[in-house]
Q: 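Below is one structure. I have some questions about it.
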Amino acid sequence: MNDKFMLAALAHSRKALPKCLPNPPVGCVIVHSGEIVALGYTHSPGNHHAEADALTYIQGQDLPFLQMYVTLEPCSFQGRTPSCALAIAKDPRIQEIYVSIVDPDPRNQGKGLDILKAAGKIVHVGLCAEEVNHFLEKYLLKSLKP
Ligand SMILES: [Zn+2]
């Protein structure tokens, strides 16, 4: 566990604005042996979410035991882009995931975490939650529009 990696993900997430909207501006870092090997943020709708963006930087690389730090719970559902939780679940290199806050979006609300756990990943929730929530809260979808 390391605050500095989550804070790096939070700092990087600011790059997502304003193009990511209406999706929340999320940041993600991937760590190997204590070093950041990839950084990602949420791109415009229909393009990579933060997790998928970070994964592009390590495509094809043989890196065992990676940790991922992501400011928001990875999406469990297929929207305009494939589910990030499923993409992480399918990547055997990512073994441990730190999620700062659970996504209140009714389509997620822990389902992304369940996918990761079911795939055998070690999942931690709540790292730097106060700092992340302070920035991210106003962008989160809390109920579906009728
Ligand atoms: Zn996603």
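Keep in mind the model is a prediction, meaning the values are calculated, not measured. Computed over heavy atoms, backbone and side chain alike; hydrogens, waters and symmetry mates excluded. Whatever order the structure lists ligands and atoms in, that order sets their numbers, starting from 1.
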Q: Enter the distance from Tyr98:OH to His124:NE2 here, rounded to the nearest 0.5 Å.
A: 3.5 Å
Q: How many angstroms lie between NZ in Lys117 and CD1 in Ile122, if you round to the nearest 0.5 Å?
A: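 If we round to the nearest 0.5 Å, Lys117:NZ and Ile122:CD1 are 12.5 Å apart.
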Q: Rounded at 0.5 Å granularity, tell me how far NE2 in His43 sits from OG1 in Thr81.
A: 11.5 Å
Q: Which residues satisfy the side chain to side chain contact (heavy atoms under 4.5 Å, CB included) test with Ala89, sequence neighbours excluded?
A: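 Testing Ala89 for side chain to side chain contact (heavy atoms under 4.5 Å, CB included), a comparison that skips the adjacent residues, returns Ile115, Ala119.
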Q: How about the Zn ion (ligand 1), which protein N, O or S atoms come within less than 2.8 Å?
A: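 Listed by chain and number, the atoms are His49 ND1, Cys75 SG, Cys84 SG.
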Q: What is the distance from atom CG of Asp91 to atom CD1 of Ile30, rounded to the nearest 0.5 Å?
A: 7.5 Å
Q: Rounded to the nearest 0.5 Å, how far apart are CD of Glu96 and OH of Tyr69?
A: 7.0 Å
